[in-house]
Amino acid sequence: MELKLNRPICFFDLETTGVDVAKDRIVEISIFKVYPNGNKESKTWLVNPEMKIPFLSTQVHGITDEKVANEPTFKELSGQVYTMIKDSDLAGFNSDRFDIPLLAEELLRSGVDFDMKSKVSVDVQTIFHKMEERTLSAAYKFYCGKSLENAHSAEADTMATYEILKAQLERYPELENDMKSLSEFTTRKKSVDFAGFIALNDKGQEIFSFGKHKGALVEKVLEDEPGYFGWIQNADFPLYTKKVLTAIKLRKLNNKLN
């Protein structure tokens, strides 16, 4: 079954130095872009992370310091990456919880003002876990009847994810072949930032989901305790969380002025 698209969608996968969204770096990125007219394009880049790749990470994806020593940094590639994804929805395997947040951090760190306001995301892993509860290799075997060769290669994982989503749509007629609907189905919780530090309550208002102000309205905390904003901005929070918090603060100031 082919995907019904109103706009392009980019399936992508990252290999990284680790799993800390705020601190770790991309060492390989693969993007497979599908257009509404059926056209497709694919790009894969090795990336110099400008830090040592931990041995345990190399054991997973096979990418060594030597392999990326002469490759471009993500900042050098950021323009090409953003150009490819800026008009597209995004999809991946565990992408909502890991790949999209980490990609956002890398883009913001490179000076690209990335956000998801005009995009939806489809996490193929969530569909799989809601329906079957397995891993990517098992998902590929289960849905596509094939063994996943070169697992933990960004390109192999990206193409497998694309094939799995199409097979999932074939298998589960209750899933609507529409990216917005699939995004809603795969969204685990209503969070405003990728890391989940700022969520939405039942009224659609931003609240903190951690710490001493857990459950409190963000706007009220910023008004009652102005120093809390500064603490978050100077602490080790993801850049996208800081960006969201700044936008909320500016919105409140503009509302006061108007």
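Fair warning: this is a prediction, and the values are worked out from it, not measured in the lab. Any value given below was found using the heavy atoms of this structure, including those in side chains, with hydrogens, waters and symmetry copies removed.
- Counted by atom type alone, Tyr35 and Glu41 present one or more donor-acceptor pairs between their side chains at under 3.5 Å.
- Note on Val27: it does not cluster hydrophobically with Phe74, by side-chain heavy-atom contacts below 4.5 Å among ILVMFWY residues.
- Salt-bridge annotation for Lys23 and Asp236: present, with a side-chain N of the basic residue lying under 4.0 Å from a carboxylate O of the acidic one.
- Residues Glu163 and Lys166 are not paired through a salt bridge, judged by the lack of any N-O separation under 4.0 Å between the basic side chain and the carboxylate.
- Annotation for Ala156 and Glu149: closest pair CB-O, 3.6 Å, computed over non-hydrogen atoms.
- Heavy atoms of other residues, nucleotides or ligands lying less than 6.0 angstrom from NZ of Lys40 number more than 12.
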I would like to know whether Glu105 and Val21 meet side chain to side chain contact (heavy atoms under 4.5 Å, CB included); could you show each step before the answer? CA-CA 7 Å; Glu105 290 298 295; Val21 167; 3.9 Å; yes
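- A salt bridge links Asp113 with Lys243: the distance from a Lys NZ or Arg NE/NH1/NH2 to an Asp or Glu carboxylate oxygen falls below 4.0 Å.
- Of the residues Lys119, Arg7, Lys33, the one that meets the side chain to side chain donor-acceptor pair (under 3.5 Å) test with Asp87 is Lys33.
- Counting only N and O atoms by type, the side chains of Thr186 and Thr126 include no donor and acceptor under 3.5 Å apart.
- Arg251 and Asn254 form no side-chain donor-acceptor contact under 3.5 Å, judged by distance and modelled atom types alone.
- For the residue pair Asp24 and Thr16, no side-chain donor N or O sits within less than 3.5 Å of a side-chain acceptor on the partner.
- With hydrogens and angles left out, the side-chain atoms of Asn48 and Thr73 include no donor and acceptor closer than 3.5 Å.
- Inter-residue side-chain proximity for Gln80 and Lys43 is flagged as unmet; no heavy-atom pair is nearer than 4.5 Å.
- Side-chain heavy atoms closer than 4.5 Å link hydrophobic residues (I, L, V, M, F, W, Y) into clusters, and following such links, even through other members, never connects Val244 to Leu217.
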Which is it for Asp13 and Thr158 under the side chain to side chain donor-acceptor pair (under 3.5 Å) test, yes or no, and what are the steps along the way? CA-CA 5 Å; Asp13 185 71; Thr158 295; 4.9 Å; no
